[in-house]
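Data block below; observations after.
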Number of protein chains: 2
Amino acid sequence: MSSVTIKDIAKLAGVSHTTVSRALNDSPLINPETKERIKAIADSLNYAPNYSARSLVLDRSYNFGLFFSTLHKGTSAGFLYEAIKGVNDVIKDQFNLIVRGIDDYKSFHNVNRKSFDGLIVMSQSASDQPFIEYAAQIDIPLVVLNRPLDSVKVMNLVPDDQSGAFRVVEHLISRGHRDIAIIEGKAGFKSTEARRDGFREAMSRYEVPVRDEWIVRGNYDLESGHAGMIVLLDLPERPTAVFCSNDDMALGAIKAVTERGLRVPEDISVVGFDDHLFSSFMTPALTTVRRPIEEISRVGAMKLLSFIEKKQVEKSTVYFHTELVIRDSVKTITGGTN
Amino acid sequence: MSSVTIKDIAKLAGVSHTTVSRALNDSPLINPETKERIKAIADSLNYAPNYSARSLVLDRSYNFGLFFSTLHKGTSAGFLYEAIKGVNDVIKDQFNLIVRGIDDYKSFHNVNRKSFDGLIVMSQSASDQPFIEYAAQIDIPLVVLNRPLDSVKVMNLVPDDQSGAFRVVEHLISRGHRDIAIIEGKAGFKSTEARRDGFREAMSRYEVPVRDEWIVRGNYDLESGHAGMIVLLDLPERPTAVFCSNDDMALGAIKAVTERGLRVPEDISVVGFDDHLFSSFMTPALTTVRRPIEEISRVGAMKLLSFIEKKQVEKSTVYFHTELVIRDSVKTITGGTN
DNA sequence: AAGAGCGTTGTTAACGTGTGCAGCTCTATG
DNA sequence: CATAGAGCTGCACACGTTAACAACGCTCTT
């Protein structure tokens with residue numbers, strides 16, 4: 001096989017390798033006819049440029065880094081999927097998309113301008129703060145998605161979790177619920193806080209009391225939703241509705257309800273957050289909040305591309321609208337329970 | 001800021017850049033003391049090697065390509081997740097993991113030995129046959145996962161879909177079912193065929209007749225499972241059990257059953273294939289077949305690493321055991337329906 | 001005392017590409 | 001006819017790294 005270089009082409013065309021380089025890069029310096037001739041030869045030889053060599057001289061790696069907090073426990077499949085899909089849609093042929101977990105790295109040495117033209121950080125936890133600060137400090141084109149930052153000044157695209165949580169809890173209240181519990185997300189995740197804040201905001205806005213025993217910890221996975229609901233069901237006084245901080249936990253919670261011989265929403269209402277692919281197909285279909293991860297990823301990748309082109313970055317925080325999706329998991333009740 | 005090279009280090013250490021290169025690569029030629037001195041300087045300067053330059057001279061890209069048939073419709077989130085997780089676990093710091101959809105490429109020119117040290121193809125459809133043949137032809141280290149190949153000779157790691165389908169249908173029969181329908185997967189996917197074959201094998205082995213109107217087309221997504229089940233429910237003679245070719249479709253199918261005011265498994269039994277993360281949390285928990293995608297990916301990545309190291313590839317097909325997972329979506333019936 | 005051999009370091013070229021500058025040819029202009 | 005300039009092409013070097021080979025000083029052998 002062996003690989004063909006511009007020098008091989010040059011020899012066949014009877015020109016210097018410089019001319020070949022310019023021809024293939026569509027330089028206006030080259031005579032249109034020779035240009036065509038050279039391109040024809042390159043095609044016939046199946047020439048493909050050596051990106052290592054090009055990178056070396058141009059000081060561009062053609063690598064896009066897409067970094068998640070972790071690729072192990074904690075990142076849901078749907079989240080990964082939407083993020084990759086959104087970014088991949090934008091970058092097409094020009095760049096390599098490199099997917100990694102921040103926690104895969106012992107040292108960040110190898111994350112630098114030589115190896116990456118730009119970085120997209122899908123931040124899910126405060127634990128990647130050091131990475132983000134490192135990236136900001138080495139002055140590499142950077143966008144941080146999903147998690148709002150306070151300290152570092154970067155391009156920051158995030159879903160408006162708090163107002164989403166507010167709306168779904170407001171929805172419960174509007175359906176007559178006043179005994180509302182929350183199963184919280186993973187400790188340390190900013191989204192956990194934002195959703196809790198939205199919950200509290202709605203409760204206080206509508207003057208519904210929050211009861212401590214109806215606030216239970218979760219960690220965003222199915223099992224924790226299941227366990228959390230069991231805790232709630234075992235309470236002497238049960239809530240009439242439960243706000244689960246994501247759909248995975250809502251699924252686990254509904255499972256727990258069913259195991260007890262109770263039904264959703266007849267005996268207890270459940271709402272989630274995320275609008276996972278399967279949420280509309282659950283029994284009952286889940287009322288939840290749609291978080292536009294794919295769109296955020298797409299926009300983030302486009303921003304990053306423009307930073308690289310223009311060699312200049314903007315820094316600002318953009319919130320993306322979250323949307324209440326009403327389905328069948330909430331019962332309308334008329335009187336309060338007490 | 002600016003990036004530091006081995007020449008900078010050389011200047012500070014008062015040696016030649018060659019010596020620095022050797023020291024950092026732990027060459028036995030270098031005096032241990034100078035070696036330590038050079039390493040210390042490198043550390044203090046936060047030196048990181050320029051991979052483009054290294055790649056150019058060593059003819060290694062340090063890139064692993066993980067290719068899916070498509071990153072658009074057709075690849076489920078769970079599948080993508082498990083595959084990435086499995087591969088990422090193995091490669092750690094040494095390589096970049098580049099994730100792409102085969103259908104993102106107009107031409108395969110840029111997929112070559114210069115840009116990739118090795119390729120992992122997560123094949124889901126016959127449509128990526130040209131890509132696989134191309135890869136085999138340019139003689140790049142290659143493993144093809146998930147879909148069994150007949151023509152091309154490569155390292156091919158696949159789940160034993162047929163025997164999995166056989167077992168889950170056998171399970172239905174052992175529970176007394178004889179009126180069994182199938183909702184098939186996406187046309188053109190090898191897995192669709194294998195699961196259909198397993199279904200037919202079980203039916204014929206136990207001498208249960210297959211009825212044409214109980215074979216309905218699907219395409220592996222939720223909606224098609226939903227639609228498929230509606231077709232079956234509208235039939236004058238309904239089956240007592242339905243084998244859905246994956247869990248997504250099973251979820252859609254169960255949804256359709258519920259919408260009709262019927263129940264699973266009391267009125268109709270449903271089984272799936274894949275054992276998705278959410279399958280155990282559905283209502284009812286789904287009886288299905290576990291397909292070890294993560295394990296296949298991990299083993300595939302390890303094989304590929306060893307090919308690259310040893311500069312020599314093996315070619316064989318390895319089947320990975322699929323496992324029947326019995327849950328609550330199948331009813332035991334005593335007499336047949338006719 | 002001369003040479004062989006070892007341990008350590010430096011010189012130089014190479015990988016494939018892009019680019020500043022010089023140089024060529026040809027035409028237009030005075 | 002001389003010259004300027006436009007249009008095109010080539011020379012030579014650069015990017016940062018590795019590696020073959022040469023070369024150095026030193027010790028040991030004969």
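Quick caveat: nothing in here was measured; it's all calculated off a predicted structure. Residue numbers start from 1 in every chain, and the chains themselves are labelled A, B, ... in the order their sequence lines are given, proteins ahead of strands.
Side-chain N/O atoms of A:Y47 include one lying less than 4.0 angstrom from OP1 or OP2 on C:dT17. At least one side-chain nitrogen or oxygen of B:N25 sits closer than 4.0 Å to the OP1 or OP2 atom of D:dT18. A close approach under 4.0 Å does not occur between any side-chain nitrogen or oxygen of B:T5 and OP1 or OP2 of D:dG16. In terms of phosphate contacts, B:N31 brings no side-chain nitrogen or oxygen within less than 4.0 Å of OP1 or OP2 of C:dG7. Phosphate contact (OP1/OP2 of C:dG18, side-chain N/O of A:R22, threshold under 4.0 Å): absent. The shortest distance between the side-chain N/O atoms of A:T34 and the OP1/OP2 oxygens of D:dC8 is not below 4.0 Å. For the pair B:S16 and C:dT9, the criterion of a side-chain N or O lying under 4.0 Å from OP1 or OP2 is not met.
To the nearest 0.5 angstrom, A:L71 atom CG is 5.0 Å from B:N88 atom CG. The distance from the CZ atom of B:R113 to the CD1 atom of B:I138 is 8.0 Å, given to the nearest 0.5 Å.
Listed here is the closest heavy atom pair of A:N110 and B:P49: OD1-CD, 4.2 Å. Scanning all heavy atoms of the two residues, the minimum distance from B:N46 to B:V4 falls at O-CG1, 4.4 Å.
Under the 3.5 Å distance criterion, with hydrogens and angles disregarded, a donor-acceptor pair is assigned to the side chains of B:T19 and B:S16. Defined by atom type and a distance below 3.5 Å, a donor-acceptor pair is missing between the side-chain atoms of B:N146 and B:S123.
Nearest-nucleotide positions on DNA chain D place A:L58 closer to the 5' end than the other of B:L58 and A:L58. Position along DNA chain D of the nearest nucleotide to A:G14 versus B:S21 favours A:G14 as the more 5'-ward residue. Between B:V57 and B:P28, the residue anchored closer to the 5' end of DNA chain C is B:P28, taking for each the nucleotide with the nearest heavy atom.
The separation between B:L29 atom CG and C:dT11 atom P is 17 Å, rounded to whole Å. One atom, CZ of A:R60, and another, C1' of C:dT17, lie 15 Å apart when rounded to the nearest Å. Rounded to an integer number of Å, the gap from B:K114 NZ to C:dG16 C1' is 9 Å. The separation between B:R113 atom CZ and C:dG16 atom P is 14 Å, rounded to whole Å. Atom CD1 in B:I9 sits about 8 Å away from atom P in D:dT17, given to the nearest Å. For B:K7 and D:dT18, the NZ to P distance is 12 Å, given to the nearest whole Å. Computed from coordinates, the B:E33 CD to C:dG7 P distance equals 16 Å when rounded to whole Å. In this structure, A:I6 places its CD1 atom 14 Å from C1' of D:dC11, rounding to the nearest Å.
Side chain A:T19 to base D:dC8: no donor-acceptor pair is found below 3.5 Å. A donor and an acceptor atom sit less than 3.5 Å apart, one in the side chain of B:H17 and one in the base of D:dT18. Interface remark: the A:T18 side chain does form a donor-acceptor pair with the D:dA12 base, using a distance-only criterion of under 3.5 Å.
Residues B:I120 and B:L145 form a side-chain contact, since some pair of their non-hydrogen atoms from C-beta on lies under 4.5 Å apart.
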- Task: Give the C-alpha distance, both sets of side-chain angles, the deciding distance and a yes or no for salt bridge (Lys or Arg N to Asp or Glu O under 4.0 Å) between B:D161 and B:R147.
- Result: CA-CA 10 Å; B:D161 277 14; B:R147 188 176 70 97; over 6 Å; no
Distances for protein N/O vs nucleotides 24-26 of chain C N/O pairs under 3.5 angstrom?
none

